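Step one of this worksheet: look at the structure below.
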Amino acid sequence: MEPSLSAFMTPGSESVLQRAYTDAVERVDDTEETRARILDAAYEQFCRMGIQRSTMEDVARRAGVSRITVYRRFTTKDVLVEQVVRREFRRYFDQFLVDIRQAKTVADRLVLGFVSSLRAVRRNPLIGGLIATEPDLLVASVVGDGGQTLATVRQFLAGQLRREQRAGAVSSDLDTDLAAELMVRVSASFLVIPSYVVDIDDDEQMAAVARRFLVPLLKPAGDED
């Protein structure tokens, strides 16, 4: 297994994304000053040089602390990588919930959520950078963790759909898990497999795709056959 890859792939345990989702739900935050300083430095280092090319010494130097200080809080590079990536995904979940509040209808929330999710991942300096420069790292984590990563995002999205059901905005007979599964797999494929048909960086084009192909999965109340 490549260095730091084990931080993404942890068979038999929760994935990084699962833990990030739990952190977002429970509003976990990194408040200890030195720890936060190291995480910020690691984030900047990984964005600039990539994860594989960065060392704990590089992070310590950028944070202005000793290497021992870094190791006291993060026992290995894998642990540090996991915590940095976990924090970024937690921020993604937080921002997703903020973004969809702007929409007035369930269809608009789905479209906005789809577009903002792709934008957030692609334009995140760390996650987007990994997709661009170290794609094997992320692809391996998605396909090599027994489906845990996709399952976590599906769980998150299915929960949002069930909330829409309770509000009467979505038909009660909608299979929320299946609908969320399809939506997540569409999103994941756009992220990890280049498309020669649609421009993933064009928000308007991606919104049109979502409105045409994903919104019909919702079967909004009052629009039954």
Side-chain angles (χ1 to χ4, degrees), residues 1-52 54-56 58-60 62-63 65 69-99 116-157 159 184 187-188 191-192:
M1 184 176 293
E2 293 294 324
S4 298
L5 188 58
S6 61
F8 292 84
M9 300 169 62
T10 50
S13 61
E14 286 187 320
S15 68
V16 171
L17 198 57
Q18 283 177 299
R19 292 189 288 274
Y21 172 66
T22 300
D23 289 348
V25 171
E26 298 179 356
R27 312 302 298 173
V28 173
D29 198 6
D30 295 294
T31 55
E32 198 265 305
E33 183 178 353
T34 301
R35 176 184 173 84
R37 184 176 175 182
I38 294 171
L39 287 173
D40 289 342
Y43 171 80
E44 184 177 351
Q45 176 67 30
F46 296 158
C47 288
R48 288 175 177 269
M49 300 301 297
I51 290 176
Q52 304 287 16
S54 297
T55 67
M56 296 289 266
D58 293 330
V59 173
R62 192 175 293 277
V65 300
T69 299
V70 175
Y71 276 106
R72 280 175 179 167
R73 286 163 176 80
F74 307 94
T75 54
T76 67
K77 181 183 173 183
D78 282 347
V79 171
L80 177 60
V81 170
E82 175 184 325
Q83 291 301 316
V84 173
V85 174
R86 182 171 167 180
R87 187 173 66 164
E88 288 308 296
F89 276 119
R90 184 169 72 243
R91 289 172 173 171
Y92 154 74
F93 284 121
D94 289 340
Q95 188 60 48
F96 177 89
L97 294 175
V98 170
D99 289 343
S116 70
S117 296
L118 295 179
R119 185 198 311 122
V121 174
R122 291 280 291 181
R123 298 180 186 175
N124 181 282
L126 177 62
I127 308 303
L130 286 174
I131 291 175
T133 63
E134 300 179 71
D136 291 346
L137 194 62
L138 282 184
V139 171
S141 73
V142 171
V143 302
D145 67 354
Q148 292 183 69
T149 296
L150 292 182
T152 299
V153 182
R154 189 261 306 153
Q155 176 188 5
F156 175 72
L157 182 54
V184 169
S187 300
L191 286 172
V192 300

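Note that the structure is predicted; figures quoted are calculated from it, not measured.
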Atom CD in Gln52, atom CZ in Phe46: separation rounded to 0.5 Å? 10.0 Å

Distance check, rounded to the nearest 0.5 Å: Glu88 atom CD versus Cys47 atom SG? 7.0 Å

Does some side-chain heavy atom of [Y] sit less than 4.5 Å from a side-chain heavy atom of [X]?
X: Lys77; Y: Thr55; value: no
X: Phe74; Y: Leu39; value: yes
X: Arg87; Y: Asp40; value: yes

Of all residues at least two apart in sequence or in a different chain, which pass the side-chain hydrogen bond (donor to acceptor under 3.5 Å, both in side chains) check with Ser54?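 By the side-chain hydrogen bond (donor to acceptor under 3.5 Å, both in side chains) rule, Ser54 matches Gln45.
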
Taking side-chain hydrogen bond (donor to acceptor under 3.5 Å, both in side chains) as the definition, give me every residue that meets it alongside Arg48, ordered by chain and number, with sequence neighbours left out.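 side-chain hydrogen bond (donor to acceptor under 3.5 Å, both in side chains) check on Arg48 returns Glu44.
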
Nearest heavy-atom pair of Leu118 and Ser187: which atoms, and what distance? CD2-O, 3.8 Å

Which atoms form the tightest heavy-atom contact between Met56 and Val70, and what is the distance?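 Looking at all heavy atoms of both residues, the shortest contact is CE-CG1, 3.6 Å.
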
Please identify each residue that fulfils salt bridge (charged side-chain N to carboxylate O under 4.0 Å, His left out) with Arg37, with sequence neighbours left out. none

If the condition is side chain to side chain contact (heavy atoms under 4.5 Å, CB included), which residues does Ala120 pass it with, not counting sequence neighbours? Tyr92

So, using side chain to side chain contact (heavy atoms under 4.5 Å, CB included) as the criterion, who are the partners of Thr34 when residues are at least two apart?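 Thr34 satisfies side chain to side chain contact (heavy atoms under 4.5 Å, CB included) with Glu32, Ile38, Thr69, Arg73 once adjacent residues are dropped.
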
